[in-house]
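One structure is given below, encoded as structure tokens.
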Amino acid sequence: MIFGLFGPGGFGREVMGFAGKQIPHTDENDKNNTKVFIQTSPELESVNGYPILSEDRFFNSTDKLRYFNIAVGDSKQREAIAHQLLSKG
């Protein structure tokens, strides 16, 4: 299972802190439960210890279960991102 949070900015960092407590912590050797940030064009490799993946890399992951949420404050941007991500599967 992979959980991706779109938006590694300030709001996303707060949300990931909460999500990290709700989703069991990922062990480096346990690839069955991974938490990542998703960004269209990642500028960093990680934020607060969580890797940042591009949208393509997230949706092309070999994980059979992929979940995502969007941590963007602006509702119109959030809706556009949701449509964009849902169209990728």
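Being a predicted model, the structure only gives us computed values, none of them experimental. The chain is numbered in sequence order, starting from 1.
Shown here are the side-chain hydrogen bond (donor to acceptor under 3.5 Å, both in side chains) partners of T40, two or more places apart in sequence or in another chain: E55. Every residue was checked against the side-chain hydrogen bond (donor to acceptor under 3.5 Å, both in side chains) condition with E79, not counting sequence neighbours, and none meets it. Looking at residues two or more places apart in sequence or on another chain, you find a side-chain contact (heavy atoms from CB on, under 4.5 Å) between P42 and Q39, I52, S54. In terms of the side-chain hydrogen bond (donor to acceptor under 3.5 Å, both in side chains) criterion, N60 has no residue partners (sequence neighbours excluded).
The CE atom of M16 sits 9.0 Å away from the CG atom of N48 when rounded to the nearest 0.5 Å. The structure places CD of Q22 at 10.5 Å from NZ of K35, a figure rounded to the nearest 0.5 Å.
Residues F68 and L86 meet the side-chain proximity criterion, which asks for heavy atoms closer than 4.5 Å. Residues L85 and F59 meet the side-chain proximity criterion, which asks for heavy atoms closer than 4.5 Å. The shortest distance between side-chain heavy atoms of I38 and I70 does not fall below 4.5 Å. The shortest side-chain heavy-atom distance between F11 and V72 does not fall under the 4.5 Å cut-off. With a 4.5 Å cut-off on side-chain heavy atoms, F3 and V36 do not count as touching.
Contacts classified as salt bridge (Lys or Arg N to Asp or Glu O under 4.0 Å) and involving residues 39-51 (residues at least two apart or in different chains) are not found. Residue pairs meeting the side chain to side chain donor-acceptor pair (under 3.5 Å) criterion with at least one partner in residues 65-75, sequence neighbours excluded, do not occur; the list is empty.
Under the 4.5 Å side-chain heavy-atom criterion for Ile, Leu, Val, Met, Phe, Trp and Tyr, L65 and Y50 are members of the same hydrophobic cluster.
Counting all heavy atoms, side chain and backbone alike, G12 lies closest to L5 at O-CD2, 3.3 Å. Heavy-atom minimum distance, V47 versus F37: O-CE1, 3.7 Å.
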